[in-house]
Amino acid sequence: MIRVEDVNIHLGEFTLRDINLAIDENEFFVLMGPTGAGKTVLLEAIAGLIPCKGGTIYIRDKNVTKMPPEKRGVSIVYQDYALFPHLTVRENIEYGLHFRKIDRGEARKRFNRMVEILDLGHLLTRLPINLSGGENQRVALARALMVNPRVLLLDEPLSALDPGFREEIRNRLKSLHKNSDVTFLMVTHDFADALSLADRAAVMNNGIIEQTGSMSDIFQRPNSTFVADFVGMKNVFAVEFHETKARINNLEIELGRKPENSHGYIAIRPEDIVLSRESLSSSMRNSFGGAVKRVIDQGLYYEIEIELKGSNFKSLITKRSLFELGISEGTEIIFSFKSTAIHYF
Amino acid sequence: MIKRELFFWITISCGIVILAFILLPLIEMLTAPSFSMLKETLNDKDVMRSIWLSIHTAGLAALISFVFGTPLAYLLARTNFTGKKLVESIIDLPIVIPHPVVGIAILSVAGKNHWIGQLFAELGVRIMGSVTGIVTVLTFVGLPFYINAVKNGFESISPRLENVSRSLGASMFSTFFRITFPLAWRSMLIGIIMCSARAISEFGAVVIVAYHPMIAPVMIYERFEAYGLKYSQPVAVWLVSICLVLFLVLRILTLRNQKET
């Protein structure tokens with residue numbers, strides 16, 4: 001559906017390098033990455049709003065690299081809604097119809113459907129300045145989908161919303177995607193949004209794509225230290241592999257399978273590390289004793305940092321567990337994890 | 001009650017001094033002529049012709065600035081290119097050049113010794129001593145005010161609105177006329193007011209290029225030179241009054257629409 005091949009973009013000092021991406025028809029694809037990674041630039045390049053220095057962009061097998069934005073069949077929705085402030089909600093939604101040859105009856109039917117799905121009936125005569133954040137975003141979505149685009153680009157559409165509206169818009173996005181044949185490409189910082197909505201995702205950093213894959217691939221099997229760190233795998237260690245073991249300093253960790261390389265990295269999610277005051281009789285093949293170095297309050301959870309032979313392991317536990325285990329800085333503790341919880345690359 | 005600090009009283013004092021500095025000479029000038037003199041001046045066809053000439057040449061300068069300055073202002077607001085700062089400095093040049101120098105500069109291009117002047121002469125366009133010359137000078141001095149005001153207006157409109165419009169199928173032209181123009185027209189009106197105000201007050205450059213036909217500032221100067229202060233004041237009062245009414249009307253229109261949106 002969307003194919004981005006070897007795209008390079010130069011914007012002042014920022015560069016997007018050798019971007020390759022393939023998004024399937026009707027897929028919900030997410031672009032993730034830190035601020036300044038180049039996600040919005042890539043989105044705007046696909047929309048034709050930023051010229052490519054090199055490479056090719058295909059939409060439905062048609063080379064659109066040199067095509068103006070209005071010919072691409074791509075709608076874009078921004079985080080700040082970008083509603084036309086001098087037009088009413090109705091005029092905003094119908095704006096795109098001025099430029100498309102759509103039968104009046106069909107246009108009315110589509111308009112009514114959008115208004116119904118997004119619950120905009122009572123807002124049609126209002127100006128955007130008189131709408132809430134959630135209402136604004138619903139209007140922006142209706143306006144974008146009204147022209148029946150082949151691709152809908154969403155630039156962090158949920159990040160400016162209050163938690164209540166966020167949940168609501170997320171559900172509506174899910175429903176809109178399910179009930180249409182439009183391909184959705186969304187930029188987000190939020191893992192909950194990505195996990196809830198996306199089929200597949202790509203992680204960008206500093207103008208390049210670090211990893212593309214299914215959501216579980218990215219979260220469970222990151223292919224670089226950056227992605228591992230980005231998706232919250234706080235235990236990333238450079239290791240030497242010996243048979244089925246990974247060696248960090250003087251510590252040997254059982255992987256349960258033999259890696260192909262002699263050097264690499266292992267990554268373990270903090271929630272996969274189990275803490276106990278005594279040695280557990282369990283199927284977990286890695287169990288070590290260490291001293292709690294730090295206890296960090298993270299609101300709902302506590303991050304426990306345990307030091308062992310110069311390496312720091314991090315685990316997440318609830319407040320209840322913290323009190324039940326009597327953990328504080330300096331406490332001697334047993335930490336265990338399964339071999340299957342270890343990802344190596 | 002909270003005691004005001006010394007700093008507050010200094011700011012107030014400075015404000016009063018500045019207001020007095022601006023208003024005293026103006027009030028003095030406006031109240032000096034008697035009613036009969038003002039009435040007599042109003043019936044003086046030369047005076048009224050000069051005031052009308054000032055207004056309509058300033059209006060034409062504003063119109064030319066609008067037609068040619070708007071695309072340039074848009075370009076400067078929306079794009080970055082090598083030499084942009086230089087272009088912006090060139091646009092600001094008429095503000096800093098002494099006014100008689102502007103007149104001399106225009107004459108050196110539009111005079112008989114320059115090929116452009118010769119070309120104009122062949123086409124039957126006269127700059128020296130003509131309304132065309134006055135409009136040329138007024139456009140020259142008024143353009144920077146228009147371009148800068150409109151450029152600021154365009155910059156205040158998010159480019160994302162234009163991006164969305166394009167993605168919904170609108171061409172650049174449609175986007176400009178349906179989105180950018182309706183959102184920027186107020187700054188254009190302000191630009192027109194600024195440009196006209198600057199043009200209507202121009203004297204130094206016009207007096208070199210076109211002493212005749214006489215615009216109001218030149219007439220005021222001539223009356224002052226020939227008959228003294230007393231005879232120049234009524235003309236000045238009428239010029240200031242008519243201009244104030246015009247600008248007030250435009251300003252009220254701008255503010256009213258600002259409230260509506």
Side-chain angles (χ1 to χ4, degrees), chain A residues 11-13 40 43-51 64 67-88 91-102 127-130 139-156, chain B residues 70-71 73-88 149-150 152-192 253-261:
Chain A
L11 284 177
E13 288 179 10
T40 302
L43 221 60
E44 292 189 336
I46 292 170
L49 300 164
I50 291 177
V64 298
M67 202 180 265
E70 61 268 26
K71 307 263 185 223
R72 295 193 180 197
V74 172
S75 287
I76 189 162
V77 173
Y78 284 109
Q79 172 188 354
D80 58 3
Y81 332 118
L83 293 182
F84 307 132
H86 57 302
L87 303 181
T88 62
E91 288 165 338
N92 263 284
I93 297 172
E94 291 179 338
Y95 182 81
L97 298 180
H98 295 294
F99 318 104
R100 315 261 161 157
K101 285 175 188 159
I102 301 174
L127 285 171
I129 197 168
N130 300 319
V139 177
L141 280 169
R143 180 181 63 179
L145 290 167
M146 191 67 193
V147 293
N148 205 15
R150 284 175 282 194
V151 180
L152 180 63
L153 303 174
L154 302 151
D155 186 12
E156 303 202 36
Chain B
T70 306
Y74 184 78
L75 182 78
L76 291 172
R78 282 288 181 261
T79 53
N80 282 314
F81 53 89
T82 318
K84 184 178 168 181
K85 289 272 172 223
L86 183 67
V87 173
E88 287 172 338
V150 178
N152 289 341
F154 284 140
E155 280 171 346
S156 69
I157 299 167
S158 168
R160 289 186 166 186
L161 297 180
E162 294 172 355
N163 288 350
V164 168
S165 169
R166 298 288 308 275
S167 79
L168 292 171
S171 64
M172 279 187 89
F173 265 105
S174 296
T175 297
F176 184 81
F177 287 109
R178 284 177 181 271
I179 303 299
T180 318
F181 189 86
L183 295 173
W185 76 266
R186 194 172 294 112
S187 63
M188 289 177 197
L189 195 55
I190 289 168
I192 285 170
L253 275 176
T254 321
L255 289 174
R256 199 180 64 187
N257 282 287
Q258 198 164 9
K259 279 175 192 165
E260 280 171 9
T261 51

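Note on naming: letters A, B, ... go to the chains in the order of the sequence lines (proteins, then strands), and numbering restarts at 1 for each one.
A pairwise comparison of heavy atoms in A:His86 and B:Pro182 identifies CD2-CB, 3.6 Å as the closest pair. Here the closest non-hydrogen pair linking B:Ala170 and A:Tyr95 is CB-OH, 3.8 Å.
Atom CZ of B:Phe173 has 12 or fewer heavy atoms from other residues, nucleotides or ligands within 6.0 Å.
No other option in A:Lys71, A:Arg72, A:His98 has as many heavy-atom pairs under 4.5 Å with chain B as A:His98. Taking chain B as the reference chain and counting heavy-atom pairs below 4.5 Å, the highest number among A:Ala82, A:Gly96, A:Gly73 is found for A:Ala82.
For a residue to count as touching a neighbouring chain, one of its non-hydrogen atoms must lie under 4.5 Å from one of that chain's; by this rule A:Leu83 touches chain B with the backbone only. Heavy atoms closer than 4.5 Å to chain B are found in the side chain of A:Leu49, but not in its backbone.
Within residues 156-168 of chain B, the residues approaching chain A closer than 4.5 Å by heavy atoms are, in numerical order, B:Arg160, B:Leu161, B:Asn163, B:Val164, B:Ser165, B:Arg166, B:Ser167, B:Leu168. Residues of residues 141-153 of chain A lying within less than 4.5 angstrom of chain B, judged on heavy atoms, are A:Arg143, A:Ala144, A:Val147 in numerical order.
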* **Audit row: B:Arg178, A:Phe84, side chain to side chain contact (heavy atoms under 4.5 Å, CB included) steps and yes/no** => CA-CA 10 Å; B:Arg178 284 177 181 271; A:Phe84 307 132; over 6 Å; no
